[in-house]
Amino acid sequence: MSEESAAGARVTATPAGVALAPLDTIADGAARNFVLQLRAGRFHGFVVRRGDSVFGYVDRCPHAGLPLAQMLDDYVAAGHVRCSWHGALFRVEDGTCVAGPCVGASLAVWPVTVRDGTIVTA
């Protein structure tokens with residue numbers, strides 16, 4: 001694969017220890033999109049905050065393969081992660097679909113944690 005095509009490829013994992021943002025940049029109950037340019041390609045994910053905990057997912061709906069949000073950072077509705085394309089709802093804590101066209105399927109987990117007030121990849 002050429003360097004140019006690798007740069008445009010979409011990857012589904014990131015290395016551990018990448019600092020993403022201070023925890024307080026995401027409101028409690030909200031989410032934020034992150035795009036990381038890696039040697040292997042570009043990673044698209046999002047992080048949902050619940051108090052001092054964070055939950056990360058690859059930004060790809062298991063139903064249609066599209067990013068979940070049509071508008072920047074618009075991932076959470078009624079306490080669930082929501083796919084804005086077909087209305088699927090996923091539990092924040094584990095990414096399992098509880099309503100919509102992909103019930104029982106799950107979002108791909110993106111391991112993240114909070115270290116010294118900063119969200120980092122795990």
Side-chain angles (χ1 to χ4, degrees):
M1 178 182 293
S2 73
E3 190 172 318
E4 181 178 77
S5 60
R10 186 168 269 208
V11 297
T12 58
T14 60
V18 176
L20 299 173
L23 177 63
D24 63 9
T25 61
I26 303 175
D28 191 7
R32 180 172 168 193
N33 169 275
F34 293 92
V35 178
L36 284 71
Q37 182 62 51
L38 306 169
R39 286 186 186 186
R42 191 168 291 136
F43 173 85
H44 295 260
F46 64 96
V47 173
V48 181
R49 178 180 177 188
R50 283 254 174 106
D52 291 333
S53 298
V54 290
F55 303 89
Y57 296 100
V58 175
D59 193 3
R60 188 175 181 98
C61 180
H63 167 241
L66 299 168
L68 281 93
Q70 293 184 49
M71 293 176 26
L72 186 63
D73 299 335
D74 186 26
Y75 294 96
V76 179
H80 287 82
V81 173
R82 176 182 53 91
C83 176
S84 63
W85 297 98
H86 298 105
L89 295 176
F90 304 85
R91 287 192 301 244
V92 169
E93 299 79 10
D94 64 9
T96 300
C97 184
V98 295
C102 54
V103 170
S106 293
L107 299 172
V109 173
W110 177 30
V112 295
T113 191
V114 177
R115 188 178 308 142
D116 297 326
T118 299
I119 303 166
V120 298
T121 58

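Please read all numbers here as calculations on a predicted model, not as lab measurements.
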**OP:** Tell me, with the steps shown, if Ile119 and Ile26 meet side-chain contact (heavy atoms from CB on, under 4.5 Å).
**Re:** CA-CA 10 Å; Ile119 303 166; Ile26 303 175; 3.6 Å; yes

Subject >> Tyr57/Tyr75 under side-chain contact (heavy atoms from CB on, under 4.5 Å): CA gap, chis, key distance, verdict >> reply: CA-CA 11 Å; Tyr57 296 100; Tyr75 294 96; over 6 Å; no

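Both Phe34 and Val114 belong to a common hydrophobic cluster when Ile, Leu, Val, Met, Phe, Trp and Tyr are linked at side-chain heavy-atom distances under 4.5 angstrom. Neither Phe46 nor Phe43 shares a network with the other; the hydrophobic side chains, linked directly or stepwise wherever heavy atoms of I, L, V, M, F, W or Y lie under 4.5 Å apart, form separate groups for each. A continuous path of Ile, Leu, Val, Met, Phe, Trp and Tyr side chains, each step under 4.5 Å between heavy atoms, connects Val11 with Val47, placing both in one hydrophobic cluster. Hydrophobic clustering (side-chain heavy atoms under 4.5 Å, transitive across Ile, Leu, Val, Met, Phe, Trp, Tyr) groups Val109 together with Leu68. Connection of Phe55 to Leu23 is not established within any shared hydrophobic cluster, with ILVMFWY side chains joined at heavy-atom distances below 4.5 Å, either directly or through further cluster members.
Taking CZ of Arg42 as the reference point, atom CD of Gln37 lies at 4.5 Å (rounded to 0.5 Å). Atom CZ of Arg60 and atom SG of Cys83 lie 12.0 Å apart (nearest 0.5 Å).
What you find for Ala31 and Val76 is that their closest heavy atoms are CB-CG2, 3.9 Å. Nearest heavy atoms, Cys102 versus Phe90: SG-CZ, 3.8 Å. Listed here is the closest heavy atom pair of Leu38 and Pro15: CD2-CD, 4.1 Å. Heavy-atom minimum distance, Arg49 versus Asp24: NH1-CA, 3.8 Å. When all heavy atoms are compared, the tightest approach of Ala21 to Arg32 is CB-NH1, 3.2 Å.
Within the 3.5 Å criterion, the main-chain N or O of Thr12 finds no donor-acceptor partner in the side chain of Trp110. For the pair Asp73 (side chain) and Asn33 (backbone), a donor-acceptor distance under 3.5 Å is present. With hydrogens and angles ignored, the 3.5 Å screen pairs no side-chain donor or acceptor of Thr96 with any backbone N or O of Arg91. Distance alone, capped at 3.5 Å, is enough to place a donor-acceptor pair between the Thr121 side chain and the Val18 backbone. The backbone N or O of Ala77 lies less than 3.5 Å from no partner atom in the side chain of Arg82, so there is not a single donor-acceptor pair. Judged by distance alone, with hydrogens and angles left aside, the side-chain atoms of His63 form no donor-acceptor pair with the main-chain N or O of Cys61 at under 3.5 Å.
Between Leu20 and Thr118 the shortest side-chain heavy-atom distance does not fall below 4.5 Å.
Here the options are Val92, Val81, Val58, Asp94, the test is side-chain contact (heavy atoms from CB on, under 4.5 Å), and the partner is Leu107; only Val81 passes.
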